[in-house]
Amino acid sequence: MKNRIQNLFETKKENILSLYFTAGFPNLNDTLTILKHLDASDVDMIEIGFPYSDPLADGPVIQESSGTAIENGMTLNLLFEQLQSLRNITQKPIVLMGYLNVVLQFGEKEFIEKCAQVGVDGIIIPDMPLHYYLSNFKELCEVNQVSNVLLITPETSEERIKQLDSYSSGFIYLVSSNSITGSTNAITFQTDYYQRIQSMKLQNPHLIGFGVHDKKTFETVCEFGSGAIIGSAFIKHLNHNGTSRESIEGFVEGIRK
């Protein structure tokens, strides 16, 4: 049986838009409000970040949102409580993204089972080594039908990419550059890298992230993959324009139209 992520990529092959936001930001109880308005907008998938005090892959915008969320009192326990009503709000694929330390403190088995219970379809844990996933998470993910999304960068070797592809379920997160999230020069058209990945004809589709921030960069990366992930630009928008339906739909329309 396929989960919502796999169904999405089977039914839609291009221009997939996934938006990322940090749970507990701008305010502690904004998670469901943002989800509800994203559900009403033209996004295909939603990523929710659970905050961590030392988010290595994240740039200043997401780091700051993470810090604010922690100050607001956001924890993984609380996030799962908030997500109890997730599937009354949206049927779009949902991915949780965060760091291994937080998951280990919560408990690996408990984390994956809780994801399945509330209706989360996939996880992205950027600092989880592949060998650790294979020995500690792979079986849990398969039994609970939770996709583990793996990341590749311009430095990832062809052999390694094929290995990651063979262990992925759902999609591959193609990091646009070696920079951190939110770096707008990240899209300094790494066309060679994108074309190299395209020519490998991987079994999993891929979304491009890190530095995609507006209609132009979205359309550019969509030429090389199934779509894109936008995080920092959306968080900046929430910070400045609030979490109303008009604000969130307006942001998505700005990317789409």
Side-chain angles (χ1 to χ4, degrees), residues 1-23 31-49 62 83 86-98 115-116 118-124 145-152 168-176 181-182 187 194 197-198 202-238 243 245-257:
M1 195 174 141
K2 293 182 170 65
N3 67 19
R4 292 175 193 84
I5 295 172
Q6 292 157 327
N7 285 332
L8 168 64
F9 284 96
E10 278 194 5
T11 54
K12 188 169 182 179
K13 304 296 183 192
E14 57 187 15
N15 298 323
I16 289 173
L17 175 59
S18 180
L19 284 196
Y20 167 98
F21 70 94
T22 304
T31 310
L32 296 184
T33 305
I34 295 169
L35 277 171
K36 188 168 68 180
H37 299 329
L38 284 175
D39 179 69
S41 72
D42 191 12
V43 302
D44 300 296
M45 185 161 61
I46 302 164
E47 287 179 33
I48 305 171
I62 293 180
L83 294 179
L86 168 66
R87 290 305 168 194
N88 299 329
I89 292 171
T90 183
Q91 289 307 310
K92 293 185 179 184
I94 301 290
V95 178
L96 283 196
M97 182 169 181
C115 284
V118 299
V120 166
D121 305 289
I123 57 167
I124 302 174
Q145 293 179 315
V146 174
S147 292
N148 178 51
V149 177
L150 297 165
L151 292 84
I152 59 178
S168 293
S169 59
F171 69 97
I172 288 174
Y173 192 138
L174 188 60
V175 178
S176 66
T181 57
I187 307 294
Y194 300 148
I197 304 300
Q198 263 185 326
L202 302 177
Q203 62 190 33
N204 287 281
H206 58 270
L207 294 182
I208 298 172
F210 285 46
V212 186
H213 61 280
D214 58 13
K215 180 177 162 63
K216 184 168 180 275
T217 47
F218 176 70
E219 288 174 351
T220 300
V221 298
C222 282
E223 291 173 31
F224 300 99
S226 300
I229 298 161
I230 298 179
S232 297
F234 182 52
I235 286 173
K236 267 187 201 166
H237 177 86
L238 293 175
T243 60
R245 180 167 175 165
E246 294 73 25
S247 160
I248 288 171
E249 287 188 349
F251 179 84
V252 176
E253 278 173 23
I255 304 293
R256 287 287 196 197
K257 293 193 169 68

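Along the sequence shown, residues are numbered consecutively beginning with 1. Values below: every heavy atom of this structure, side chains too, minus hydrogens, waters and symmetry copies. Computed from a predicted model, the values in this text were never measured in an experiment.
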[X] and [Y]: which non-hydrogen atoms are nearest, and at how many Å?
X	Y	value
Asn15	Cys222	OD1-CB, 3.4 Å
Cys115	Val146	CB-CG2, 4.2 Å
Val118	Arg87	O-CG, 3.8 Å
Gly225	Ile208	N-CD1, 4.3 Å
Ile62	Gly231	CD1-C, 4.5 Å
Leu207	Ala228	CD2-N, 3.9 Å

- Message: Pair Ile229, Val212 - check side chain to side chain contact (heavy atoms under 4.5 Å, CB included), show working.
- Response: CA-CA 7 Å; Ile229 298 161; Val212 186; over 6 Å; no
Looking at [atom1] of [X] and [atom2] of [Y], how far apart are the two atoms once the value is rounded to the nearest 0.5 Å?
X	Y	atom1	atom2	answer
Ser41	Glu253	OG	CD	9.0 Å
Glu47	Ile123	CD	CD1	12.5 Å
Leu174	Asn204	CG	CG	12.5 Å
Leu32	Ile89	CG	CD1	4.0 Å
Leu150	His206	CG	NE2	14.5 Å
Leu38	Lys36	CG	NZ	12.0 Å

Under 3.5 Å donor-acceptor, [X] side chain and [Y] backbone:
X	Y	value
Gln198	Glu223	yes
Asp44	Leu17	yes
Ser147	Ser169	yes
Ser176	Gly209	yes

- Query: Which of these passes side-chain contact (heavy atoms from CB on, under 4.5 Å) with Val120: Val95, Asn3, Ile94?
  - Reply: Ile94
- Item | Matching residue for Tyr20 among Ile235, Ile124, Ile48, Ile46 - test: side-chain contact (heavy atoms from CB on, under 4.5 Å) | Ile235
Do [X] and [Y] have side-chain heavy atoms sitting under 4.5 Å apart?
X	Y	answer
Leu83	Leu35	yes
Val221	Tyr194	yes
Ile152	Ile172	yes

- Task: Over 60° means perpendicular and under 30° means parallel, so classify the ring planes of Phe210 and Tyr173, tilted if in between.
- Result: perpendicular
- Stepwise, does the side chain to side chain contact (heavy atoms under 4.5 Å, CB included) test hold for Phe251 with Leu19? CA-CA 10 Å; Phe251 179 84; Leu19 284 196; 4.0 Å; yes
- Return the set of residues passing ring-ring contact (aromatic ring centres under 6.0 Å, His included) with Phe9 (not counting sequence neighbours), or none when no residue passes. Phe171
- Note on the structure: side-chain contact (heavy atoms from CB on, under 4.5 Å) filter on Asp42, not counting sequence neighbours, yields Val252, Arg256
- Option passing salt bridge (charged side-chain N to carboxylate O under 4.0 Å, His left out) with Asp121 (candidates Lys2, Lys92, Arg4): Arg4
- Given side chain to side chain contact (heavy atoms under 4.5 Å, CB included), test Phe234 with Ile34 step by step and report yes or no. CA-CA 11 Å; Phe234 182 52; Ile34 295 169; 4.2 Å; yes
- Task: Could you please spell out the steps behind the side chain to side chain contact (heavy atoms under 4.5 Å, CB included) verdict for Ile248 and Leu238?
- Result: CA-CA 8 Å; Ile248 288 171; Leu238 293 175; 3.9 Å; yes
- Any side-chain donor paired with an acceptor under 3.5 Å for His237 and Ser247? yes
